[in-house]
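Worth saying up front: this structure is predicted, and the values here are computed from it rather than measured.
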Amino acid sequence: MSLLTGDQPQPCRLPEPRTHITGLGCYSVGSVDCRESTKEDYLDSMEPVVFGVVELPRRSRGRLLLHGMVMFGREFCYAVEAAFVTPVLLSVGLPQSLYSLVWLISPILGFLLQPIIGSASDYCRSPWGRRRPYILALGIMMLMGLTLFLNGDAVISALVQDRSLKRIWAIVIVMFGVVLFDFAADFIDGPVKAYLFDVCSYTDKERGLHYHALLTGLGGAFGYLVGAMDWGHSSLGRLLGSEYQVIYFFSALTWMVFLIVHLFSIPETPLAKDISLDVMTPNALLLLSTHSSSGGYGSLHGSMSQESEADLRPRSFSALGEANSVTSSAKQPNKEQKRMTLKSCLMAMINMPSHYRCLCVSHLLGWTAFLCNMLFFTDFMGQIVYKGNPYADHNSTAYERYERGVEIGCWGLCINAVSSALYSYVQRLLLPYIGLKGLYFVGYFVFGLGTSLIGLFPNIITTLILCSVFGVMSSTLYTIPFNLISEYHREEELQRKMGKGNPAGQDRGTGVDCAALTCMVQLAQIIVGAGLGALVNMAGSVIVVVLSASTMSLIGCLFIALFIRYVE
């Protein structure tokens, strides 16, 4: 069997309904009145089919790898952005006190629009599927943003002759490109995960997510590796004009190829139109089951109403949560299907139990520390470690030193990506000994200690060695909080089964809690964008970047030790 074959449907059995429905009429078994019981009996009898008995085809390893290639391309471009956005902005003349504001616009837009766009994809009726139209649109936006970000200065220099006007337009175009890219790259992860959940069985979802994580790490490593090379003095650099154009060439090519591969990796079934109970067939049930067991990425939870077409709407939930944790909602016929809105998301976060709220606070502290360091690390290397000047003339020695520092900073971020992948396996070994809370504390402590040493001893060898602690923090932030969410929900489920749970909290799902954690990432980016530039301007040195990261991380250590609830 080849890698791309093996998408075989699993055997399934459709249970016999108690009341049989045909296109002409119906007949019942027993003396039940057909007109009164048809819909209710049919839903009850077919509930196992609609909510989980019909199994999706098993996906081969090759198709799952092709599906995950989009994560390689996305992380490749993300790495280029993280490494070069600050040097590019400073090189076009953006004041140092304002350069962090570019990170402020995109998360604000994401915080406001993500629930709306997420819910819209759940109801997309495109013949190409629910998710792929959004993935394609966001992918094109990413490419446009990348083009403006890395080529804006060159294009404006060719079109505008006035020096002051050229500087203003270059700043505007580059900033717009960064915001557009960042917005699209943040949003695309949701529909990509939802696409995976829509087309894969329970087992394949786990395998697919594993490949996504693996390819994300590899994409980041290769992206930083490309940025670390000196393309300016190469034949390709002379051919294309500058090293930024070379990096754009590799980034755009990688993204376009892997986006196309992803979009054609696994067929996606369109959302069913006008499904009626009166003409329900096994094929319609299979289609309905596909959407019912799949996950949206923007809704709190789904439920079944008693109105004709509304009875058969697909249930949806956050793709950041577990795709398989949604419970059957056919037992709650009086509730209308709810879409996630900004208001409902905020209310859910406000009313969440205290241990969830503490987890959100610790996640906010961790991401604030991590972003302080990662978004400005190459600038730190260029200005502090290599004593360069991004505002100097481009043919000066000071600017060449700065560029060299940026390249070495990319090597450091490549070390971060590799160490993140390796530490994910070390976590499995440490988990039986120190538990999830211990791993959470260790990740923050190691990162805080490492960044403080980088700030105190900013030399090349020490900094590159300590870049490995960035990977420890990265792996911690991407795994441990979500594992804690899962464990908290498991404990609550056990308590409910023992009759000790709170009935009022039974409708709470993992989706909203995972969405709350994701909002903390965006809030951390807003905090960093709003405050770090002013802090650098007050201190007069970029060294405050790593010291701020260290301080926030060590505060997070204390918070974890005092407020995060321990689980076995």
Side-chain angles (χ1 to χ4, degrees), residues 63-85 103 106-107 109-110 114 117-118 121 131-150 177-197 208-227 247-266 297 319-320 367 370-371 374-375 410 413-414 416-418 420-421 424 471 474-475 477-479 518 521-522 525:
R63 287 196 180 275
L64 292 175
L65 283 170
L66 292 178
H67 187 279
M69 285 298 179
V70 71
M71 302 306 294
F72 182 100
R74 171 179 174 263
E75 202 64 23
F76 187 101
C77 296
Y78 247 147
V80 169
E81 184 206 28
F84 288 100
V85 65
W103 301 107
S106 177
L109 292 175
Q114 187 169 5
I117 295 179
S121 85
R131 316 299 177 187
R132 288 188 290 180
Y134 284 85
I135 294 172
L136 177 61
L138 291 168
I140 293 172
M141 290 172 63
M142 279 183 62
L143 185 62
M144 291 173 58
L146 195 68
T147 303
L148 296 175
F149 156 47
L150 289 174
V178 172
V179 170
L180 183 63
F181 173 85
D182 207 39
F183 174 83
D186 285 343
F187 267 70
I188 203 170
D189 186 58
V192 165
K193 292 293 192 299
Y195 176 20
L196 176 70
F197 291 166
L209 289 173
H210 171 73
Y211 293 139
H212 278 206
L214 175 65
L215 292 168
T216 295
L218 290 176
F222 277 95
Y224 290 126
L225 191 62
V226 168
I247 292 169
Y248 169 75
F249 170 75
F250 284 116
S251 302
L253 182 64
T254 301
W255 175 241
M256 286 190 295
V257 170
F258 288 154
L259 177 63
I260 293 171
V261 167
H262 168 77
L263 291 173
F264 291 96
S265 59
I266 303 176
Y297 73 106
L320 295 170
W367 270 104
F370 189 67
L371 292 175
M374 295 298 293
L375 297 182
C410 289
L413 295 178
C414 184
N416 148 66
V418 173
S420 177
S424 65
S474 173
S475 183
L477 290 172
Y478 280 118
T479 57
T518 305
V521 181
Q522 294 171 331
Q525 195 168 337

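Annotation: side chain of Val226 is not in contact with side chain of Thr254 (no heavy-atom distance under 4.5 Å). Inter-residue side-chain proximity for Leu136 and Ile140 is flagged as met; some heavy-atom pair is nearer than 4.5 Å. In this structure, the side chains of Ile135 and Leu259 come closer than 4.5 Å at one or more pairs of heavy atoms.
Here the side chain of Ser420 pairs no donor or acceptor atom with the backbone of Asn416 at under 3.5 angstrom. Checking side-chain atoms of Tyr224 against main-chain N and O of Ala82 turns up no donor-acceptor pair under 3.5 Å. Proximity of a side-chain donor or acceptor of Ser265 to a complementary backbone N or O of His262 within less than 3.5 Å is detected. The closest donor-acceptor contact from the side chain of Trp255 to the backbone of Gly139 lies under 3.5 Å. Under a 3.5 Å cut-off, the side chain of Ser475 and the backbone N or O of Gly471 do not form any donor-acceptor pair.
Put simply, CE on Met69 and CD1 on Ile260 are 14.0 Å apart, with the number rounded to the nearest 0.5 Å. For the atom pair Leu215 CG and Met71 CE, the distance stands at 9.0 Å (nearest 0.5 Å). How far OH of Tyr78 is from CE of Met142: 7.5 Å, rounded to the nearest 0.5 Å. One finds the CZ atom of Arg74 at 10.5 Å from the CD atom of Glu81 (value rounded to the nearest 0.5 Å). The CD1 atom of Ile188 sits 11.5 Å away from the CZ atom of Phe183 when rounded to the nearest 0.5 Å. Leu477 CG to Trp367 CH2: the interatomic distance, rounded to the nearest 0.5 Å, is 5.5 Å.
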Test side-chain contact (heavy atoms from CB on, under 4.5 Å) applied to Leu196 and Leu64, step by step | CA-CA 9 Å; Leu196 176 70; Leu64 292 175; 4.3 Å; yes
Passes side-chain contact (heavy atoms from CB on, under 4.5 Å), Leu143 versus Phe181? Steps please.
-> CA-CA 7 Å; Leu143 185 62; Phe181 173 85; over 6 Å; no
Mind running side-chain contact (heavy atoms from CB on, under 4.5 Å) on Arg131 and Tyr134 for me, showing each step along the way?
-> CA-CA 6 Å; Arg131 316 299 177 187; Tyr134 284 85; 6.0 Å; no
May I have the step-by-step check of ring pair (Phe, Tyr, Trp, His ring centres under 6.0 Å) for Phe76 and Phe250, ending in yes or no?
-> CA-CA 10 Å; Phe76 187 101; Phe250 284 116; 7.9 Å; no
Report the C-alpha separation of Leu413 and Met374 in whole Å, then their side-chain angles, then the decisive distance to 0.1 Å, and conclude whether the side-chain contact (heavy atoms from CB on, under 4.5 Å) test is met.
-> CA-CA 8 Å; Leu413 295 178; Met374 295 298 293; 3.4 Å; yes
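Here the closest non-hydrogen pair linking Met141 and Ala184 is CB-CB, 3.7 Å. Heavy-atom minimum distance, Ser474 versus Phe370: CB-CZ, 3.7 Å. The two residues Ser251 and Leu146 come nearest to each other via the heavy atoms CB-CD2, 3.6 Å. Closest approach of Leu263 and Tyr195 over heavy atoms only: O-OH, 3.8 Å. Contact between Gly227 and Ile247 at its shortest, heavy atoms only, is CA-CD1, 4.3 Å. Shown here for Leu148 and Gly177, the closest heavy-atom pair between the two residues is CB-CA, 3.7 Å.
Aromatic ring centroids of Phe72 and Phe258 lie under 6.0 Å apart.
Within a 6.0 Å sphere centred on CE of Met144, heavy atoms belonging to other residues, nucleotides or ligands number 12 at most.
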